[in-house]
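Read the structure below first, then the notes.
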Amino acid sequence: MKKIIIAMDGYSSSGKSTMARSLAEMIGYTYVDTGAMYRAVTLYCLQNDLIRSQEVNEEEIKQALPYINISFCINKETGRPETFLNGENVEKEIRSMKVANHVSTIAALPYVRQALVAMQQKMGEKKGLVMDGRDVGTVVFPEAELKIFVTADPEIRARRRYEELIAKGTPASFEEVLTNIKERDHMDTTRTEGPLKKASDALVLDNSDMTINEQMEWLLVQYKKKVGD
Ligand code: DC
């Protein structure tokens, strides 16, 4: 069967990562979480004191970029890819509120985006890829065969992220999560470089009132239409 590129873009905590990862598992594709890449760069900046309060040291970050190596390795127990920063598993750290509070600032830096987009394009050379993010269908793979734009009500997204954090034992307050989601929506949609935007040929999925099973059923139908099964 022909291999394609599936681009899934959408708002923070819209559930696109869960859908993208599950779809990749079902159809035997590689899954890439581009948000994890921006989070890993942010973690590196925090660890190396390149972000002080809300200020970023742009020149230092630019110089540090060649030394930031991001990779994904499948966890043999869960079967899921985990994020590595310079050889260290940082899957848990990159999901913290501290990283979430700074990631939009780092993701708005044009040279950070250019470096990560180039890495992402390389990952898609052989196709057979499900990639999720904000600019996958518009900038990374404008020629992707299947593009999905995922959205949901901000309160519903905040509730999902809050429950996820609590389940993982990460301290959080619902209000803080909701504020963070709204701020990220604003920064993600208004930045100059690679803003979150629906590609003109993307299919919209508003999953505010959908179960994960309903979303997966819908997604599989779209995939099958594209590969002609
Ligand atoms: O999907 P996520 O919430 O893990 O993404 C974390 C942040 O990274 C989010 O605030 C937006 C940014 N991001 C981006 O700018 N471009 C991408 N392709 C993916 C994520």
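Computed from a prediction, not measured in an experiment: that's the story for all the values here. In what follows, residues are counted from 1 in the order of the sequence shown. Just follow the structure's listing: the first ligand is 1, and inside any ligand the first atom is 1.
For M187, the closest heavy-atom approach to ligand 1 does not fall below 4.0 Å. Within the structure, ligand 1 has R191 among the residues with a heavy atom less than 4.0 angstrom away.
Between T34 and ligand 1, at least one pair of N/O atoms sits closer than 3.5 Å. For ligand 1, the polar-atom distance check finds no N/O of D33 at less than 3.5 Å from any of the ligand's N/O atoms. Some N or O of R113 is nearer than 3.5 Å to an N or O of ligand 1, by distance alone. In terms of polar-atom proximity, defined here as any N/O pair under 3.5 Å, S17 makes no such contact with ligand 1. Taking only nitrogen or oxygen atoms, main chain and side chain alike, Y38 does not reach within less than 3.5 Å of ligand 1.
The distance from ligand 1 to the heavy atoms of S104 drops below 4.0 Å at these ligand atoms: 10 (O). With ligand atoms numbered from 1 in the order given, ligand 1 contributes 1 (O) to contacts under 4.0 Å with heavy atoms of K16. Which parts of ligand 1 touch R39 is read off a 4.0 Å heavy-atom cut-off, strictly below it: atoms 2 (P), 3 (O), 4 (O), 6 (C). Every atom of ligand 1 with a heavy atom of V103 under 4.0 Å away is listed here by number and element: 7 (C), 8 (O), 10 (O).
Under 3.5 Å, the side chains of D206 and S208 contain a donor-acceptor pair of N or O atoms. Judged by distance alone, the side chains of S12 and R134 do bring a donor and an acceptor atom under 3.5 Å apart. D132 and Y31 share a side-chain donor-acceptor pair at under 3.5 Å. A side-chain donor from one of R160 and N207 sits under 3.5 Å from a side-chain acceptor of the other.
Paired with K147 under the rule side chain to side chain contact (heavy atoms under 4.5 Å, CB included), one option of T138, I5, D201 passes, and it is D201.
Compare R134, E183, R157 by their heavy atoms: the one nearest to atom 9 (C) of ligand 1 is in R134. The residue among A107, A108, S12 with a heavy atom at the shortest distance from atom 12 (C) of ligand 1 is A107.
Considering CE of M123 and OG1 of T34, their distance stands at 9.5 Å, rounded to 0.5 Å.
Under 4.0 Å from ligand 1, the heavy atoms of R184 that appear belong solely to its side chain. Contacts between M37 and ligand 1, counted as non-hydrogen atom pairs separated by less than 4.0 Å, are absent for every part of the residue.
Listed by chain and residue number, nothing satisfies the side chain to side chain donor-acceptor pair (under 3.5 Å) test with S173 (two or more places apart in sequence, or in another chain).
For residues 119-129, every residue pair satisfying the side-chain hydrogen bond (donor to acceptor under 3.5 Å, both in side chains) rule, not counting sequence neighbours, is listed here: K127-E145.
R95 and D33 are joined by a salt bridge, as a carboxylate oxygen and a charged side-chain nitrogen come within less than 4.0 angstrom of each other. We find that R52 and E55 are not joined by a salt bridge, their nearest charged nitrogen and carboxylate oxygen being 4.0 Å or further apart.
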